[in-house]
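Please find one structure pasted underneath; my questions will follow.
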Protein chains: 2
Amino acid sequence: MSLDKRKILILKAIISSYIDNAEAVGSRTISKKYELGVSPATIRNEMSDLEEMGFLVQPHTSSGRIPTDKAYRYFVDDLWKNADKSRNPNVEAIRKIIDEEASELDSIFNNSVRILSQITRYTSFIVAPHLKKTKIKRIQLVSITENKIMLIIVMESNIVRQVVINLRSPIPEEQLHKISVSLSERISGHKIEDVNLNLKEKLIKELYNIKESSEYSLIELVPFLMNQIGKMEDIDVYSDGITNILGLPEYNDLEKAKEFISFAENKDSIVKLFQNAGQNDLDISIGNENPYDELKDCSLITATYKFNGKIVGKIGVVGPTRMDYEKVISTVKSISEIMNEIIDRNFTDGI
Amino acid sequence: MSLDKRKILILKAIISSYIDNAEAVGSRTISKKYELGVSPATIRNEMSDLEEMGFLVQPHTSSGRIPTDKAYRYFVDDLWKNADKSRNPNVEAIRKIIDEEASELDSIFNNSVRILSQITRYTSFIVAPHLKKTKIKRIQLVSITENKIMLIIVMESNIVRQVVINLRSPIPEEQLHKISVSLSERISGHKIEDVNLNLKEKLIKELYNIKESSEYSLIELVPFLMNQIGKMEDIDVYSDGITNILGLPEYNDLEKAKEFISFAENKDSIVKLFQNAGQNDLDISIGNENPYDELKDCSLITATYKFNGKIVGKIGVVGPTRMDYEKVISTVKSISEIMNEIIDRNFTDGI
DNA sequence: TGTTAGCACTCTCTTCCATTGAGTGCTAAT
DNA sequence: ATTAGCACTCAATGGAAGAGAGTGCTAACA
């Protein structure tokens, strides 16, 4: 039995109808709504074949049929081949919004993930860079008030992290500057994880031996600074629209909804999910292709974004397997491209 | 008819049972579980009286009874009088966690709201200061990379806000410093809202007339900086545990749950809710005492926190009217006290 | 040989009762 | 004033019956 043209048309019609209504599709519906020029009986025969081939299932003997993961997979792979190159019409509007607050990664991520979930109406995530694995370019100490200084860390990728630190007693501006310079000299080029491993002790010792350090109680400050640096968060997860699933018929069951929500709110599981998700420009995993039981009725569409051509993070959408793949794929693609472009422009070192 | 001792005991027993089980309480239950030494029949008579007095209602003729808002109000006011002065046993642990990352308000708020919702298992909020109404102490421009500078704003209350800004072309360190100093001189003492109103134009004009400005294209930079300052967020809302309500029997109805969630996720409504909530150390509004329909089955417990003795923000919990008031009140109280203390220590100007 | 009308059959879903059980209010006895 | 007893009420539970959507099969048709 082969997947001839008519079978494909019928399959697509069923998928399309099921995506719209979340209800098992019968032969009459197909013959009425989609003009195939054949009677329900013929369609029934074809549907029976499609079921045998594993593209459809019947929830019970006398109901219509539902597409399987295999059907979605076929449909998506087909989309792929005949990919519509027409750009998402919203692209320019989206770019403008993200670009407006593009000087901090945090804003780029927040805006991107929000827009993504607003357009798709599903749950969106961004899993952000492994800061601990990138090198520190320089650090800087800036006096804020008498008892507060700001520690600014600039990473190789021009990502900036800062933290305000309370001092027990003021440090003269001049001396702060000296500490800042010597600390920066010694720490730049190293990774945050190195600081945690062995650099910390080494640096503390070195700095103690410098004449001018002794003026101020570096004994307190430097180890504290090193701890702050070491604590910089490793992987950030941004999410939006988690509660959107409450609107989906497949999550009418409160228990199921709660299960999904607690999965989505758990950063660790999301990080793992996205790390497993393949490293292509765009990856799609459908239903049981997902490694997590909580997502067996969901599809995950992820894209990567890069710094300096190196893969560092992922953006993605989780929705029901019954999702409008064409729209979601095009949205994820567009937004990831916009992110890539904006990050490139704002965070990549010139040559 | 008066609220004699036995009626009070029975009322408390009913409230307590209803808080535990969320099910209408019958006379037999009370007589069995709470040793009052009287028969169900007697309790029935008393319950009938309590209903007449407005403390109880029957969902239908042949069911047990449920406490009304008035009953909770009585119960809470009574708690008040006989307030247990014993401190929450967790106080020290909580303080430690919040204190660990106390040099930035953002962390204090995030940690506090998280702990509050974790302990109470309800939804918690913090509505943070009106930044636009406080004066700017100083601003500072710090060079980050060739094309990035950081704009740091220190408010009168020692709150620090910073934003990274991308430049079209580099500015020499020296000149950046000059701009920073003149901008800071001119802007300190003013409020953010003043910047938006008229200060912006005035300052731009003034700075154009300074000799050294002309070296660099201040024409671009200064207006941009002013916009950044003017854009600093007005009121921040922190929330946690919104989806906790999915576990409550009163929100078994998905529609009701969705309504609550979209209310809780809407910053505007939360800001209004908290602004209406009274300015005492602790305020409680129960059920229909709340101005919002979405909260007619909820109680709101809020506390204030202060900077320099001035009220600036609120922390609070929203849960079902059927909540363990004693525990929630004590938790909100403790956490607000801890916040006050930590903020005082870290953000108040010395004398 | 593929298509289709017709029909019996299947299974869910809704509606409608009857039954159950928790709880009340009232009355009469203590 | 309290309580045992009892009739009564009403939500909740659990079939049973009927409706409706959809199927598979058969036989006729092009």
How long is the line joining CZ of A:Arg6 and C1' of C:dT1, in whole Å? 12 Å
Sequence-distant partners of A:Lys7, side-chain hydrogen bond (donor to acceptor under 3.5 Å, both in side chains), two or more places apart: A:Glu46, A:Asp49
Kindly write out the residues that satisfy ring-ring contact (aromatic ring centres under 6.0 Å, His included) with B:Phe274, not counting sequence neighbours, or none if the list is empty. B:Phe125
If you assign each of A:Thr29 and A:Ala41 to its closest nucleotide in DNA chain D, which residue comes earlier from the 5' end? A:Thr29
Taking the side chain as everything from C-beta on, heavy atoms only, tell me whether A:Ile270 gets closer than 4.5 Å to A:Ser239. no
Rounded to whole Å, CZ of A:Arg28 lies from C1' of D:dG20 at a distance of 12 Å
If you round to the nearest 0.5 Å, how far is CE of A:Met53 from CG of A:Leu11? 9.0 Å
Sorted by number, residues from residues 9-22 of chain B placing a heavy atom under 4.0 Å from DNA chain D are none
Which residues share a salt bridge (charged side-chain N to carboxylate O under 4.0 Å, His left out) with A:Glu250, sequence neighbours left out: A:Arg322
Under 4.0 Å, heavy atom to any atom of DNA chain D: which of residues 43-50 of chain A qualify? A:Arg44, A:Met47
For A:Tyr18, ring-ring contact (aromatic ring centres under 6.0 Å, His included) partners two or more places apart: none
Just to verify, what does B:Tyr72 make a ring-ring contact (aromatic ring centres under 6.0 Å, His included) with, not counting sequence neighbours? B:Tyr325
May I have the distance from A:Glu23 (atom CD) to D:dG20 (atom C1'), rounded to whole angstrom? 13 Å
In chain order, what residues pass the side-chain hydrogen bond (donor to acceptor under 3.5 Å, both in side chains) check against A:Thr243, with sequence neighbours excluded? B:Glu265
Across all chains, not counting sequence neighbours, the ring-ring contact (aromatic ring centres under 6.0 Å, His included) partners of B:Tyr238 are B:Phe109
Sub-4.0 Å heavy-atom contacts from residues 53-72 of chain B onto DNA chain D, ordered by number: B:His60, B:Thr61, B:Ser62
Go through the structure and list residues passing side-chain hydrogen bond (donor to acceptor under 3.5 Å, both in side chains) with A:Tyr34, not counting sequence neighbours. A:Ser16
If I take atom CD in residue B:Glu51 and atom P in nucleotide C:dG23, what distance separates them, rounded to the nearest angstrom? 15 Å
Which one, C:dG23, C:dT4, D:dT3, comes nearest to the side chain of B:Ser39? D:dT3
Listed by chain and number, what are the salt bridge (charged side-chain N to carboxylate O under 4.0 Å, His left out) partners of A:Asp240, not counting sequence neighbours? none
